[in-house]
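Let me begin by presenting the structure, written as structure tokens, before commenting on it.
We name chains A, B, ... by the order of the sequence lines, and we start the count at 1 in each one. Predicted model, so just to flag it, every value in this text is computed and none were measured.
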Amino acid sequence: MAQISLTFPDGNSRDFPAGVTPAEVAEGISTSLRKKAISARVNGAHWDLQWPIGTDARIAIHTLADDAPALELIRHDCAHIMARAVQEIWPDVKVTIGPVIENGFYYDFDREEPFTPEDLGRIEKKMREIINARDPVRTEVWERDRAIRHYEDSGEPYKVELIEAIPGDEPLRMYWHGGWQDLCRGPHFQHTGQVPADAFKLMNVAGAYWRGDSDRAMLQRIYGVAFKTKADLKAHLSMLEEAAKRDHRKLGREMNLFHMQEEAPGQIFWHPDGWTIYTELQNYMRRKQRAGGYVEVNTPQVVDRKLWEASGHWDKYQEHMFIVEVDEEHAREKSINALKPMNCPCHVQVYNQGLKSYRELPLRMAEFGSCNRYEPSGALHGIMRVRGFTQDDAHIFCTEEQIEAECARFIEFLSSVYRDLGFEEFEIMFATRPEKRVGSEESWDHVENALENAIKKTGHDYTLDPGEGAFYGPKLDFKLTDAIGRVWQCGTFQVDPNLPERLGAVYIGEDGAKHRPYMLHRACLGSFERFIGILIENWAGKLPFWLAPRQVVVASIVSEADEYVAEVVAALTKAGVRAEADTRNEKINYKVREHSVGKVPVILAIGRKEVEDRTVTLRRLGEKQTQVVSLESVTADLAAEAVAPDLR
RNA sequence: GCCGGUCUAGCUCAGCUGGUAGAGCGUCUGAUUUGUAAUCAGGGGGUCGGGGGUUCGAGUCCCUCGACCGGCACCA
């Protein structure tokens, strides 16, 4: 029999007969390794212990101690065990696919009846039975025709379609345990008992389109999470609880920041405190942009369809625009307008007023642009995904040569904004030319290089996202990480030669001839609405002092203190601090609790002693201890603290 | 938009198989002058998301519309 040579991670090689399995390799090393082994890595591929190895290869044996492969197996096996449990309970349910996802897995089923939350408990119970049975897992490679015939005979049309989509040169693997069979690329455990019975949980049922295509069948997807240990599962569940506590919709109501109602779906009624955050953030961005060399403009909300036709948006996004028809008696003809869904075409109109010289470029034009988009009802989500929103939008008109410097400048700008707002970490995604595109290859080369060099110049890492750019140019997306590790895509930087072309933007070059400028679309926050939602969740409502809508409550302990309380509030207000009095006839305990729940960062308590000594007793949100300070020093300190980070 | 779920007082939620609505907190009134996460007592408050139907009778059953929630699809 032919021999192959396997190289281990330590660099040593050994010869084995061709077709040896990782299980046999592990056995050859030691019995204990054979017992601990769960899978292998063979030439970089995650390899089932049962799969034969046919050629020379690098090999590493994985045990449960190897997190990534262990979790992949646990989650993937869990998905399969769930599918088997479902088919054992309801034999007529059709199975489709069940991949591993972050923290767990899902499996999509086709079934007439909807799954109920009670069903999930039943499925979980059956899954535990399967795990406890420790059924051995067996695998085989099948011929295509045989596999297709098998699934046609057993009435599993989705599996047939899956097989037909698998490239001809890939092996079709079948897996079995306990008489249940599934097509699967593997790898899997050796027996069902290797899945920890107490470290998984089925979470919820949701609809999902077959193959992600909204024109095809709606399946039922069951989501589950799975970990190595019960403790890991518990930690995950408490993280979810923590996220639920931070939910901006809950905090928005509790802190009385905003509300939404049926009559204006996807639009926000900002209450005084919410609007304070909004204006504070907007003032900050306005100062930042001014300092960053932007000019600010403002453009119309209702714009004739002609402009949207010219920009190309009418064709592509008409469905998602709010259309306004004006049909006045005096109007010569009915005019059809759209609420602006974006600002760029209007900015080109501003640019086009007066002939521009190359000396004026780069021209950085910013607008806090209020936009309206008719988002599909199912897409709406709190204040994060809405139909009426305001972008921190800007367009930089520049020459091709200026793109690199403008890009680098923007990355620096954005990092400084994120840092000021409490986000230290962000990731850059670099999306390059797609299949379908316009423009010359030279131009793509040049622009992509410009972006890449700009990123490198700023010293940031980036992740390549090949083929994901717009049809006219590459883009950068900026994703920030919040306090509990969630990732939000907020910033963007997009190179666009197309819109200036369509809307006839030009500048006069050094040579006296007309040239086409590039347009760079860019935003840091994305939309104020969404970003405030992110801020609320990131800080769990406990916003940094300068952004906190109610910065200080001055609370009386006895009514004799009322006059002095008013004096303290006045002093703080004059010093630029948002302060209010609480002289209600309540105990200090009650007031402290109420304002703590309301996330007020500082409570100043005033009793007889404070009145006498002209001091205050200061207590910070979340802290038990208090400190007695003079009126003068507390005013100065809090005034300093209230200054926005860009003004410090 | 699609699948599933939900909608009862300002908020959080009870209300079994249909028999004309309840609690806690908040609000209001009174008492209490209080020292760092809820003082006590009393009062008011809902055409049960909108509309239609079945029924002697509907918060409860059916139809329909809407909003919201979890996903999917979408996100210029």
What nucleotide among B/rG71, B/rA76, B/rG35 has an atom nearest to a side-chain atom of A/Ile557?
B/rG35
Can you tell me which nucleotide in B/rU36, B/rG1, B/rA37 comes closest to the side chain of A/Ser596?
B/rA37
Given B/rA37, B/rA76, B/rU27, identify the nucleotide with an atom nearest to the side chain of A/Arg593.
B/rA37
Select base, sugar-phosphate, or nothing to describe what A/Pro114 touches, counting heavy atoms under 4.0 Å on all strands.
sugar-phosphate
Identified pairing partner of B/rU6, criterion: Watson-Crick or G-U wobble below 3.5 Å:
B/rA67
Can you tell me whether the side chain of A/Tyr374 and the base of B/rG1 have a donor-acceptor pair closer than 3.5 Å?
no
With a cut-off of under 6.0 Å to the ring centre and 45° to the axis, is A/Arg522 in cation-pi contact with A/Phe410?
no
Heavy atoms only, 4.0 Å cut-off, all strands: where does A/Ala206 land among base, sugar-phosphate and nothing?
base
Contact under 4.0 Å: A/His381 side-chain N or O vs B/rG70 OP1/OP2:
yes
Give A/Arg221 one of three labels, base, sugar-phosphate or nothing, depending on what nucleic acid heavy atoms sit under 4.0 Å from its own.
sugar-phosphate
Which nucleotide sits closest to the side chain of A/Leu621: B/rA73, B/rU36, B/rA37?
B/rA37
B/rG10 OP1/OP2 closer than 4.0 Å to side-chain N/O of A/Arg253:
no
Nearest to the side chain of A/Asn204 - B/rA73, B/rG35, B/rG70?
B/rG70
Phosphate oxygens OP1/OP2 of B/rC74: is one of them under 4.0 Å from a side-chain N or O of A/Tyr317?
no
Donor-acceptor pair (no angle test) under 3.5 Å: A/Glu610 side chain, B/rG35 base
yes
Is A/Tyr590 close enough to B/rG26 that one of its side-chain N or O atoms is under 4.0 Å from OP1 or OP2 there?
yes
Check for me whether A/Arg122 meets the cation-pi criterion with A/Phe115, that is, NZ or CZ under 6.0 Å from the six-membered ring centre and within 45 degrees of the ring axis.
no
Checking only heavy atoms, does the side chain of A/Arg385 share a donor-acceptor pair with the base of B/rC74 at less than 3.5 Å?
yes
ring-ring contact (aromatic ring centres under 6.0 Å, His included) between A/Phe269 and A/His259, worked out:
CA-CA 5 Å; A/Phe269 293 79; A/His259 85 272; 4.5 Å; yes
To the nearest angstrom, the CD-C1' distance between A/Gln627 and B/rU36 comes to 14 Å
Between A/Tyr107 and A/Phe109, is the gap from one ring center to the other below 6.0 Å?
yes
Quick note, A/Ala379 side chain, CB onward, closest among B/rC74, B/rA76, B/rG66 is B/rC74
Base, sugar-phosphate alone, or nothing: which one does A/Gly312 contact when heavy atoms must sit under 4.0 Å apart?
nothing
Ring of A/Trp539, cation from A/Arg246 - is the NZ or CZ under 6.0 Å from the centre and inside 45° of the axis?
no
Side chain of A/Thr617 only, please: which of B/rU36, B/rC11, B/rA67 is the nearest?
B/rU36
Classify the nucleic acid contact of A/Gly526 as base, sugar-phosphate or nothing, counting any heavy atom under 4.0 Å across all strands shown.
nothing
Under 4.0 Å from OP1 or OP2 of B/rU33: is there any side-chain N or O of A/Ser559 that close?
no
Give A/Tyr223 one of three labels, base, sugar-phosphate or nothing, depending on what nucleic acid heavy atoms sit under 4.0 Å from its own.
sugar-phosphate
Rounded distance (nearest 0.5 Å) linking atom CD of A/Gln551 with atom CG of A/Leu572
9.5 Å
Out of A/Ile383, A/Leu480, A/Asn538, which residue meets the side chain to side chain contact (heavy atoms under 4.5 Å, CB included) rule with A/Phe531?
A/Leu480
When the distance from NE2 of A/His595 to P of B/rA38 is rounded to whole Å, what number comes out?
14 Å
Quick one: label A/Lys591 by what it contacts on the DNA or RNA (base, sugar-phosphate, nothing), any heavy atom closer than 4.0 Å.
nothing
Polar side-chain contact A/Arg216-B/rA73 base: donor and acceptor under 3.5 Å:
no
State whether A/Arg249 places a side-chain N or O below 4.0 Å from either non-bridging phosphate oxygen (OP1 or OP2) of B/rC69.
yes
Between A/Lys250 and A/Glu254, does any NZ, NE, NH1 or NH2 come within less than 4.0 Å of an OD or OE carboxylate oxygen?
yes
Would you indicate what A/Leu219 reaches in the nucleic acid, counting non-hydrogen atoms under 4.0 angstrom: base, sugar-phosphate, or nothing?
nothing
Measuring to OP1 and OP2 of B/rC75, would you say a side-chain N or O of A/Arg530 lies under 4.0 angstrom away?
no
Quick one: look up who B/rU39 pairs with, Watson-Crick or G-U, both distances under 3.5 Å, and put none if it's unpaired.
B/rA31
Nearest-Å distance for atom pair NZ/P, residues A/Lys599 and B/rA37:
15 Å
Taking the side chain of A/Pro265 as its heavy atoms from C-beta onward, which of B/rU27, B/rA73, B/rC68 lies nearest to it?
B/rC68
Counting any heavy atom closer than 4.0 Å, what does A/Glu586 reach on the DNA or RNA strands: base, sugar-phosphate only, or nothing?
base
Measuring from the side chain of A/Asn589 (C-beta onward, heavy atoms only), which nucleotide among B/rA38, B/rA67, B/rG70 has the closest atom?
B/rA38
